[in-house]
**Student:** 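The following block contains the structure, expressed as structure tokens.
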Amino acid sequence: MSSRTVVLAGSPNVGKSTVFNELTGMHRHTGNWIGKTVDTKASHFYYKFNDYSVTDLPGTYSLFALSGEEAVARDYLLGEKPDCIVCVVDSTLLERSLPLVFQLLNVSSKAVVLLNLNDEAEKKGIFVDGKKLSELLGVPVVKSTARSGKGLNTLLEEIHLVTTGAVSNSPVNVSEGEVFEKAKEFADLTVKKSKPQARSLLDKLLLGKATSAVSMVLIFAFLLWLTISFSNYPSELLKSFFESAEEFLAEAMRSTGIPGEIVSLTVYGVLRVLFWVVSVMFPPMAIFFPMFALLEDFGVLPRIAFNLDYCFEKCGACGKQSLCTCMGLGCNAVGVTGARIIDSPRERIIAVLTNSFTPCNGRFPILIAIITMFFAKNSIVSSAVLLAFILLSLAMTMLVSKLLSVTVLKGQSAPFVMELPPYRRPQFVKTVALSLRQKVLKVLLRAVVAAAPSGLIIWMLANITLGDKSLLLHTADFLDGLGKALGMDGVILLAFLLGFPANEIVLPVALMAYLSQGTLSEFSSLGSLTQILVSNGWTAKTAICTCVFTLFHFPCATTLLTVFKETKSLKWTALSVLVPLLTGSLLCFLLNIIIKI
């Protein structure tokens with residue numbers, strides 16, 4: 001069996017990753033905006049006893065590299081010399097796509113042009129004559145709708161014919177000086193439009209000067225309301241199930257003669273923290289992130305990023321930082337990695353240093369729990385308060401970006417060109433399943449892995465005494481003065497320190513430290529948790545300061561490691577800790593002075 005190489009190339013947001021997924025059977029996330037693919041992705045597929053290695057390149061508008069993505073694509077095409085280039089084109093924007101096609105055909109005659117998004121073109125009344133375009137270009141042209149798999153069998157056959165030499169292409173030779181003129185000429189000859197394209201009502205709402213900000217706030221408010229409203233009941237069910245599981249395991253261990261200390265450490269130390277994390281984290285994540293992915297798939301998030309572009313530019317940062325900020329809502333480590341799409345090293349560092357200001361999925365359960373316990377009478381109020389904290393995080397991201405841009409990272413902001421994608425009907429089942437698998441379960445597993453050893457450490461600190469106090473309480477007492485100056489206490493600060501592996505375990509760690517038995521107490525509702533916190537001195541001011549410190553403190557271990565890998569600098573890694581930590585400490589200190597509760 002012979003092996004041949006195929007590369008997928010094209011402009012951003014033309015569906016290359018979707019084509020890649022359909023050809024290889026992989027499940028790569030395909031966001032409906034620019035910048036999702038930052039580097040190459042490779043896999044295999046088989047067709048007619050041939051093994052094909054297929055590579056998905058980052059989206060690029062030209063082989064004359066202006067950005068990191070374009071440089072990756074250009075260097076790969078010129079260096080690897082694949083057996084077939086599949087030029088993926090947006091059927092709704094043929095004229096705009098053809099200049100890149102001409103450049104690709106100059107690189108290699110072994111090419112196939114894939115007119116993707118054909119369903120969207122037809123909805124807009126755009127019809128491309130694929131046969132005529134093939135005659136003009138001198139290479140095979142295939143019309144497809146990759147999301148539904150339509151046309152991909154034909155693509156496989158054309159790839160097979162090109163790579164095996166069964167057909168010999170004679171591609172048109174277009175020089176750089178006539179690229180755009182030829183693109184218009186070819187488009188005029190092959191494209192027919194049956195109706196004018198009008199700006200959609202959604203775009204008028206999401207992009208309008210008077211309505212864009214309100215629309216964004218309402219969308220996130222609705223999303224947060226859904227999360228809070230529908231996560232409480234499954235969370236209570238999980239708690240009840242885990243309580244029964246605890247008792248069963250403890251009794252089973254005792255019946256086999258296992259010492260009580262080992263039972264306490266294992267069941268009421270390690271497992272109880274682990275169970276708490278799962279029961280509190282899983283329900284809101286299982287609602288929020290699939291919904292967030294559906295908004296991305298539909299095309300709403302790119303428009304939110306577009307609206308934020310002007311604000312980030314005024315802060316001396318790059319408009320692409322708005323994309324990284326949106327990515328950070330899922331995971332700050334992903335947001336840091338996403339900063340690769342920013343071309344300027346200065347602006348990339350700003351995005352990296354401020355991404356942890358965005359509340360990731362690990363911090364949402366803490367915020368939701370505290371808000372529900374201390375501020376909210378119903379889910380609508382909870383959503384409004386949580387939205388206020390998110391807006392605060394966005395405001396601080398911009399403020400700190402501005403401060404960095406006029407101090408340690410001086411410079412002018414670079415222009416940000418963003419082509420808004422069309423609205424697309426989300427593939428509901430596929431998108432939700434992919435989100436649950438790649439985001440929810442992956443992050444939950446990370447939290448569980450962190451929770452288990454943390455539960456062990458906390459149990460040991462709580463049960464090993466020095467004098468008349470446990471090591472845990474000695475440490476908490478040492479931090480108490482600083483904690484009270486920040487509107488909290490030493491236990492809360494210690495919980496954040498011990499929660500460094502994952503933010504998800506901060507609240508259960510604090511609860512363990514508050515209990516004299518050294519184990520997390522049993523509880524049946526958030527009401528019982530509230531009583532534990534109030535009995536240990538919590539007030540509304542404590543809750544506010546804890547929420548603010550949850551937003552602004554050092555990154556988790558995963559994010560910090562990602563910062564170092566991306567910057568390869570101890571200096572910037574250290575600043576990624578100090579910048580949010582100092583910001584959160586200052587805000588909490590001021591709130592402690594201002595709030596008289």
**Student:** Quick one: does any side-chain atom of Thr337 pair with a main-chain N or O of Ala333 as donor and acceptor, under 3.5 Å?
**Tutor:** yes
**Student:** Do Val19 and Val86 have side chains that get closer than 4.5 Å, going by heavy atoms?
**Tutor:** no
**Student:** Just by distance, do the side chain of Asn332 and the backbone of Thr358 share a donor-acceptor pair under 3.5 Å?
**Tutor:** yes
**Student:** Taking C-beta and beyond as the side chain, do Thr546 and Trp538 meet within less than 4.5 Å on heavy atoms?
**Tutor:**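 Thr546 reaches Trp538 side chain to side chain.
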**Student:** Taking the ring centre of each residue, are Trp572 and Phe564 less than 6.0 Å apart?
**Tutor:**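 No: the rings miss the under 6.0 Å criterion.
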**Student:** Return the minimal non-hydrogen interatomic distance between Leu403 and Thr407, and the atom names on each side.
**Tutor:**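 Heavy atoms of Leu403 and Thr407 come nearest at O-OG1, 2.6 Å.
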**Student:** Determine, stepwise, if the pair Val7 / Tyr76 fulfils side-chain contact (heavy atoms from CB on, under 4.5 Å).
**Tutor:** CA-CA 9 Å; Val7 65; Tyr76 185 93; 3.9 Å; yes
**Student:** Measure the spacing between CE of Met216 and CG of Leu391 and express it to the nearest 0.5 Å.
**Tutor:**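 Reported to 0.5 Å precision, the distance equals 9.0 Å.
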**Student:** Ignoring hydrogens and angles, tell me if any N or O in the side chain of Ser405 forms a donor-acceptor pair with the backbone of Cys315 under 3.5 Å.
**Tutor:** yes
**Student:** Does Met396 reach the side chain of Ser393, with side-chain heavy atoms less than 4.5 Å apart?
**Tutor:**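 Sidechains of Ser393 and Met396: no contact.
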**Student:** Per the ring pair (Phe, Tyr, Trp, His ring centres under 6.0 Å) rule, what does the pair list look like for residues 380-406, sequence neighbours excluded?
**Tutor:**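 For residues 380-406, and leaving out neighbouring residues, there are no ring pair (Phe, Tyr, Trp, His ring centres under 6.0 Å) pairs at all.
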**Student:** Under 3.5 Å, sequence neighbours excluded: what are the donor-acceptor pairs made by side chains of residues 488-500?
**Tutor:**
unit_1	atom_1	unit_2	atom_2	d
Asp489	OD1	Val491	N	3.1
Asp489	OD1	Ile492	N	2.9
Asp489	OD1	Tyr514	OH	3.4
Asp489	OD2	Tyr514	OH	2.8

**Student:** For residues Cys545 and Leu591, report the shortest heavy-atom separation together with the two atoms involved.
**Tutor:** SG-CB, 4.0 Å
**Student:** How long is the gap from CG on Leu386 to CH2 on Trp225, to the nearest 0.5 Å?
**Tutor:**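 Atom-to-atom, Leu386:CG and Trp225:CH2 are 14.5 Å apart.
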**Student:** I'd like to know if the side chain of Ser585 and the backbone of Leu582 have a donor-acceptor N/O pair within less than 3.5 Å.
**Tutor:** no
**Student:** Looking at Phe589, I want to see if its CZ is surrounded by more than 12 non-hydrogen atoms of other residues, nucleotides or ligands under 6.0 Å.
**Tutor:**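 No, the 6.0 Å shell around CZ holds no more than 12 heavy atoms from other groups.
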**Student:** Determine whether the side chains of Arg147 and Asn21 contain a donor N or O and an acceptor N or O closer than 3.5 Å.
**Tutor:**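 No, no side-chain donor-acceptor pair sits under 3.5 Å.
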**Student:** Compare all side-chain heavy atoms of Val577 with those of Leu575 and state whether any distance is below 4.5 angstrom.
**Tutor:** no
**Student:** Rounded to the nearest 0.5 Å, what separates atom CG in Leu392 from atom CG in Leu399?
**Tutor:**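 Going from the CG atom of Leu392 to the CG atom of Leu399 covers 10.5 Å.
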**Student:** Please examine the side chains of Pro359 and Leu367, heavy atoms only from C-beta on, and report whether any two atoms are closer than 4.5 Å.
**Tutor:**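 With C-beta onward as the side chain, the pair touches.
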**Student:** If I take atom CG from residue Asp90 and atom OG from residue Ser11, how far apart are they, to the nearest 0.5 angstrom?
**Tutor:**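 Output value for this atom pair is 8.5 Å.
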**Student:** On a heavy-atom basis, which atom in Phe102 and which in Ala183 lie closest, and how many Å separate them?
**Tutor:** CE1-N, 3.7 Å
**Student:** Is the closest side-chain heavy-atom distance between Val89 and Val14 below 4.5 Å?
**Tutor:** no
**Student:** Is it true that the side chains of Ser576 and Thr573 contain a donor and an acceptor less than 3.5 Å apart?
**Tutor:**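 Result is no, nothing qualifies.
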**Student:** Without swapping roles, check the side chain of Lys314 against the backbone of Cys311 for a donor-acceptor pair under 3.5 Å.
**Tutor:**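 No, Lys314 side chain to Cys311 backbone: no donor-acceptor pair under 3.5 Å.
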**Student:** Sub-3.5 Å donor-acceptor pair from the side chain of Lys402 to the main-chain atoms of Gly316, do we have one?
**Tutor:**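 No, the answer is negative, given that no donor and acceptor are paired below the 3.5 Å cut-off.
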**Student:** Quick one: does any side-chain atom of Thr372 pair with a main-chain N or O of Ile368 as donor and acceptor, under 3.5 Å?
**Tutor:**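 Yes; judged by distance alone, with no hydrogens or angles, the pair exists.
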**Student:** Atom CZ of Phe552 and atom CG of Leu587: how far apart are they, to the nearest 0.5 Å?
**Tutor:**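 These two atoms lie 6.0 Å from each other.
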**Student:** Taking atom types as modelled, is there a side-chain donor on Ser17 or Asp56 under 3.5 Å from an acceptor on the other?
**Tutor:** yes
**Student:** Got a donor-acceptor contact below 3.5 angstrom from the Arg303 side chain to the Leu206 backbone?
**Tutor:** no
**Student:** Within this structure, what is the NZ-CG distance for the pair Lys541 and Asn592, rounded to the nearest 0.5 Å?
**Tutor:** 4.0 Å
**Student:** Just one of Thr562, Leu560, Leu353 clears the side chain to side chain contact (heavy atoms under 4.5 Å, CB included) bar with Val336, so which one?
**Tutor:** Thr562
**Student:** Does the side chain of Glu566 come within less than 4.5 Å of Arg340's, by heavy atoms?
**Tutor:** yes
**Student:** Should Phe374 and Ile544 be marked as a side-chain contact (heavy atoms from CB on, under 4.5 Å) after you check the CA-CA gap, both sets of side-chain angles, and the distance that decides it?
**Tutor:** CA-CA 9 Å; Phe374 285 90; Ile544 292 172; over 6 Å; no
**Student:** Does Lys81 have any salt bridge (charged side-chain N to carboxylate O under 4.0 Å, His left out) partners at least two apart in sequence or in another chain, and if so, which?
**Tutor:**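 With sequence neighbours excluded, Lys81 shows a salt bridge (charged side-chain N to carboxylate O under 4.0 Å, His left out) to no residue whatsoever.
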**Student:** Might you point out which heavy atoms bring Ala543 and Ile370 nearest each other, and give the distance in Å?
**Tutor:**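 What the structure gives for the nearest pair is CB-CG2, 3.7 Å.
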**Student:** For the residue pair Phe375 and Val381, establish whether any side-chain heavy-atom pair is separated by less than 4.5 Å.
**Tutor:** no
**Student:** side-chain contact (heavy atoms from CB on, under 4.5 Å) between Val214 and Thr211: does it pass, once the steps are laid out?
**Tutor:** CA-CA 5 Å; Val214 175; Thr211 58; 5.6 Å; no
**Student:** For a side-chain contact (heavy atoms from CB on, under 4.5 Å) check, start with the C-alpha distance between Leu581 and Phe549, then their side-chain angles and the critical distance, and finish with the verdict.
**Tutor:** CA-CA 8 Å; Leu581 181 59; Phe549 202 72; 3.8 Å; yes
**Student:** Taking Gln103 for the side chain and Leu63 for the main chain, is one N or O donor matched with an acceptor at less than 3.5 Å?
**Tutor:**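 Looks like yes, one N/O pair under 3.5 Å.
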**Student:** Answer yes if the side chains of Gln321 and Thr354 hold a donor-acceptor pair under 3.5 Å, and no otherwise.
**Tutor:** yes
**Student:** Which pair of heavy atoms, one from Val548 and one from Cys588, lies closest together, and at what distance?
**Tutor:** CG1-SG, 4.0 Å
